[in-house]
Amino acid sequence: MRILGLDVGDKTIGVAVCDELGITAQALKTIRRKAISSDLNALDEIIREYEAECLVIGIPINMNGTLGPAARKVMNFAEKLKVFNIPVIAQDERLTTMMAEKIMIQGDVRREKRKKVIDQVAAALILQGYLDRRAREHKDEI
């Protein structure tokens, strides 16, 4: 089962995809946002190409657990994803962009390159967090 992870921002949408076994997430691409219709068309192409059965969308929850304006924007965008008729799962994304930046700095990725891929790396971290949580929750069922 293929799952897509999304890191939704005002200017870009980072996209990640998991392997067919649902174990690991890989950064896939960054969509430059234009209008909601073009955003949804770009996502539709990716959903079809990877035959995704689920979307995991990162919600930027405040450090104190509340939903601020950024989280509300993403939740509104998540509502629009229902047109795809596949499950849309909200995943806490606190600090994923900072973690992505730190990982790339440690990997000696140049600043110019980091700017181009940070959203997709953040999407991979969001998706991996979901996959890991799902694996922990289901390990006792085996």
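The shortest side-chain heavy-atom distance between Asp39 and Ile13 falls under the 4.5 Å cut-off. The shortest side-chain heavy-atom distance between Tyr130 and Ile126 does not fall under the 4.5 Å cut-off.
Residues satisfying the salt bridge (charged side-chain N to carboxylate O under 4.0 Å, His left out) test with Asp19, not counting sequence neighbours, are none. Scored by the side chain to side chain donor-acceptor pair (under 3.5 Å) test, Thr66 finds Asn62, Asn64 as partners (sequence neighbours excluded). Applying the side chain to side chain contact (heavy atoms under 4.5 Å, CB included) criterion to Glu49, with sequence neighbours excluded, gives no partner residue. Applying the side chain to side chain donor-acceptor pair (under 3.5 Å) criterion to Asn41, with sequence neighbours excluded, gives no partner residue. Among residues two or more places apart in sequence or in another chain, the side chain to side chain donor-acceptor pair (under 3.5 Å) test is passed with Arg134 by none. Take Arg32 and apply the side chain to side chain donor-acceptor pair (under 3.5 Å) test, not counting sequence neighbours, and it matches no residue. By the salt bridge (charged side-chain N to carboxylate O under 4.0 Å, His left out) test, Asp92 is found to be paired with Arg94, residues two or more places apart in sequence or in another chain being considered.
Scanning all heavy atoms of the two residues, the minimum distance from Gly22 to Cys18 falls at CA-SG, 3.8 Å. Here the shortest heavy-atom pairing between Gly5 and Ala123 reads O-CB, 3.7 Å. Contact detail for Ala124 and Gln26: the closest heavy-atom pair is CB-C, 4.1 Å.
For the atom pair CD1 of Ile23 and CG of Asp132, the computed distance is 10.5 Å after rounding to the nearest 0.5 Å. Note that CD1 of Ile3 and SG of Cys54 are 5.0 Å apart. Values are rounded to the nearest 0.5 Å. Annotation: the span from Leu55 atom CG to Leu81 atom CG amounts to 6.0 Å, rounded to 0.5 Å. Considering CG of Asp7 and CD of Gln120, their distance stands at 10.5 Å, rounded to 0.5 Å. Taking CD1 from Ile31 and CG from Leu40, the interatomic distance works out to 9.5 Å, rounded to the nearest 0.5 Å. Taken from NZ in Lys29 to CG in Leu4, the straight-line distance is 11.0 Å, to the nearest 0.5 Å.
In terms of modelled atom types and a separation under 3.5 Å, the side chain of Thr12 and the main chain of Gly9 share no donor-acceptor contact. Between the side chain of Gln128 and the backbone N or O of Ala25 there is at least one donor-acceptor pair closer than 3.5 Å.
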Name each donor-acceptor pair under 3.5 Å that joins a side chain in residues 69-79 to protein atoms two or more places apart or in another chain, with its distance.
unit_1	atom_1	unit_2	atom_2	d
Arg72	NH1	Leu67	O	3.4
Arg72	NH1	Gly68	O	3.3
Arg72	NH2	Leu67	O	3.0
Lys73	NZ	Asp10	OD1	3.2
Lys73	NZ	Asp10	OD2	3.4
Asn76	ND2	Arg72	O	3.4
Glu79	OE1	Lys82	NZ	3.2
Glu79	OE2	Lys82	NZ	3.3

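Using a 4.0 Å cut-off between charged nitrogen and carboxylate oxygen, Arg2 and Glu53 do not count as a salt-bridge pair. Using a cut-off of 4.0 Å between Lys/Arg side-chain N and Asp/Glu carboxylate O, Asp44 and Arg48 are scored as salt-bridged.
Hydrophobic clustering (ILVMFWY, side-chain heavy atoms < 4.5 Å, transitive): Tyr50 and Leu6 are in one cluster. Residues Ile86 and Leu28 fall within the same hydrophobic cluster, defined by Ile, Leu, Val, Met, Phe, Trp and Tyr side chains chained together at heavy-atom separations under 4.5 Å. Follow the hydrophobic side-chain contacts under 4.5 Å out from Leu125 and you never reach Ile61; the two are in separate clusters. One hydrophobic cluster holds both Ile46 and Val83 under the rule that ILVMFWY side chains link at heavy-atom gaps under 4.5 Å. By the criterion of side-chain heavy atoms lying less than 4.5 angstrom apart, applied directly or through intervening Ile, Leu, Val, Met, Phe, Trp or Tyr residues, Ile36 is grouped together with Phe84 in one hydrophobic cluster.
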task = Evaluate the side chain to side chain contact (heavy atoms under 4.5 Å, CB included) criterion for residues Val8 and Arg33: first the C-alpha distance (whole Å), next the side-chain angles of each, then the deciding distance (0.1 Å), finally the verdict.
result = CA-CA 9 Å; Val8 179; Arg33 297 195 68 184; 3.5 Å; yes

request  = May I have the step-by-step check of side chain to side chain contact (heavy atoms under 4.5 Å, CB included) for Thr24 and Leu131, ending in yes or no?
outcome  = CA-CA 7 Å; Thr24 60; Leu131 297 172; 5.8 Å; no

request  = Please report the C-alpha distance between Ile57 and Val88 in whole Å, then the side-chain angles of each, then the deciding distance to 0.1 Å, and finally whether the side chain to side chain contact (heavy atoms under 4.5 Å, CB included) criterion is met.
outcome  = CA-CA 7 Å; Ile57 187 167; Val88 177; 4.0 Å; yes

